[in-house]
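Structure, as structure tokens:
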Amino acid sequence: HLHTSTLARAARGPLARTPQRPTPNAQRPAAAIPFRTLSPVEKTLPNGLKLVLLENHDLPSVTFSARVDTGSLLDPTGKPGTANFVARMLDQGTGSRSYEEIQGALEQVGATFSAAARKETTGASLRTLSRYAYDLLPLYAELITAPAFPAQRLDLERSKLLTELRENADDAEYVGRVAFNQAIYEG
């Protein structure tokens with residue numbers, strides 16, 4: 001004779017499982033940890049630059065982040081990678097500071113600057129300990145508003161980028177990801 005519960009399991013399919021009874025030593029789920037959401041404040045400057053303020057006084061760090069609504073989709077025809085290259089060059093020198101001076105100012109306080117172009121936006125961020133924020137804000141403003149694109153640094157960055165592109169061509173995962181994206185998104 002087949003038991004009724006056996007027939008019920010068979011009807012649900014071969015991978016169906018019956019609920020298991022809790023074991024006497026089973027741990028109770030942990031209590032929910034309260035989660036406080038942060039409320040960003042956004043401001044768009046007259047030049048189109050969007051500033052976002054997101055305060056979290058629980059951490060002793062500050063991240064300045066700015067973005068513009070332009071990215072690789074707006075690269076000039078025949079010049080793909082322009083937006084990305086410009087983003088890579090932002091910390092390579094300004095009208096009043098050399099690359100070495102910029103890196104020295106950041107490294108002295110353990111700060112980091114990063115910039116990247118995406119399809120529709122380009123962003124630049126500076127992260128530092130809170131106590132250095134006001135000292136580094138003028139540097140950050142200069143990096144994103146007055147890059148100088150010094151020829152020597154431009155040539156060096158171009159060389160680094162070309163090396164990365166050659167390395168990517170030999171990276172099966174990268175080549176596969178590019179082929180997949182082109183097939184799915186038609187270029």
Side-chain angles (χ1 to χ4, degrees), residues 27 29-75 80-165 167-168 171 173-174 177:
Q27 293 181 349
I33 298 172
F35 181 76
R36 184 174 55 98
T37 59
L38 302 176
S39 300
V41 176
E42 291 191 37
K43 180 173 180 159
T44 302
L45 300 180
N47 64 2
L49 192 64
K50 292 182 183 177
L51 302 177
V52 179
L53 172 65
L54 189 60
E55 293 184 272
N56 179 356
H57 297 279
D58 297 336
L59 300 173
S61 67
V62 171
T63 301
F64 299 110
S65 183
R67 76 166 193 262
V68 290
D69 289 331
T70 187
S72 63
L73 286 177
L74 296 176
D75 281 348
T82 300
N84 183 49
F85 193 73
V86 168
R88 290 174 67 127
M89 288 296 299
L90 291 180
D91 65 345
Q92 301 295 302
T94 67
S96 66
R97 301 176 202 237
S98 70
Y99 170 78
E100 292 77 14
E101 290 170 323
I102 293 166
Q103 296 310 308
L106 296 173
E107 289 172 7
Q108 181 177 3
V109 296
T112 58
F113 177 84
S114 62
R118 297 186 179 33
K119 292 276 186 197
E120 297 178 357
T121 62
T122 299
S125 297
L126 186 139
R127 180 177 296 237
T128 186
L129 292 174
S130 300
R131 64 179 170 241
Y132 303 120
Y134 290 105
D135 294 336
L136 288 178
L137 189 54
L139 171 62
Y140 177 66
E142 191 174 339
L143 291 173
I144 62 176
T145 62
F149 305 103
Q152 181 183 5
R153 298 301 307 173
L154 193 119
D155 292 340
L156 180 61
E157 198 62 29
R158 180 182 296 122
S159 176
K160 287 170 34 179
L161 183 58
L162 290 172
T163 299
E164 288 174 22
L165 290 171
E167 289 171 355
N168 286 343
D171 181 350
E173 181 183 345
Y174 176 83
R177 190 170 52 249

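- Put simply, the side chain of Val62 does not reach to within 4.5 Å of the side chain of Tyr132, judged on heavy atoms.
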**Prompt:** Going through the distances and angles, do Leu129 and Val109 end up as a side-chain contact (heavy atoms from CB on, under 4.5 Å)?
**Reply:** CA-CA 8 Å; Leu129 292 174; Val109 296; over 6 Å; no

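- Here the CG atom belonging to Leu139 is positioned 10.5 Å from the CD1 atom belonging to Ile144, to the nearest 0.5 angstrom.
- For the pair Glu167 and Tyr174, the minimum side-chain heavy-atom distance is 4.5 Å or more.
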**From CA spacing to verdict: side-chain contact (heavy atoms from CB on, under 4.5 Å), Met89, Leu154** = CA-CA 7 Å; Met89 288 296 299; Leu154 193 119; 3.9 Å; yes

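- A donor-acceptor contact shorter than 3.5 Å links the side chain of Ser130 to the backbone of Ser61.
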**Message:** Quick one, Ile102 with Phe113, criterion side-chain contact (heavy atoms from CB on, under 4.5 Å). Give me CA distance, side-chain angles, the key distance, then yes/no.
**Reply:** CA-CA 10 Å; Ile102 293 166; Phe113 177 84; over 6 Å; no

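- Considering every non-hydrogen atom in both Leu136 and Ala105, the closest pair reads CD2-O, 4.3 Å.
- Within the structure, side-chain hydrogen bond (donor to acceptor under 3.5 Å, both in side chains) contacts touching residues 104-117 (residues at least two apart or in different chains) do not occur.
- In this structure, Thr163 contributes its side chain and Ser159 its backbone to a donor-acceptor pair below 3.5 Å.
- Nearest heavy atoms, Asp69 versus Leu74: O-CD1, 4.4 Å.
- At least one side-chain heavy atom of Leu106 sits under 4.5 Å from a side-chain heavy atom of Leu126.
- Taking CD of Glu157 as the reference point, atom CZ of Phe149 lies at 11.5 Å (rounded to 0.5 Å).
- Residue pairs meeting the side-chain hydrogen bond (donor to acceptor under 3.5 Å, both in side chains) criterion with at least one partner in residues 135-153, sequence neighbours excluded, are Gln92-Arg153, Thr94-Glu142, Ser96-Glu142, Arg97-Glu142.
- Annotation: the span from Thr128 atom OG1 to Leu137 atom CG amounts to 11.0 Å, rounded to 0.5 Å.
- The neighbour count for Glu100 CD, taken as heavy atoms of other residues, nucleotides or ligands under 6.0 Å away, is above 12.
- A 6.0 Å sphere centred on CD of Gln103 holds more than 12 heavy atoms belonging to other residues, nucleotides or ligands.
- Under a 4.0 Å N-O distance rule, the pair Glu164/Lys160 does not qualify as a salt bridge.
- Contact between Ala87 and Ala115 at its shortest, heavy atoms only, is O-CB, 3.3 Å.
- To the nearest 0.5 angstrom, Arg118 atom CZ is 10.0 Å from Asn84 atom CG.
- Crowding of Arg158 atom CZ: a count of heavy atoms from other residues, nucleotides or ligands under 6.0 Å exceeding 12.
- Gly71 and Thr122 get closest at one heavy-atom pair: CA-OG1, 3.8 Å.
- In this structure, Leu73 CG and Glu120 CD are separated by 5.5 Å, a value rounded to the nearest 0.5 Å.
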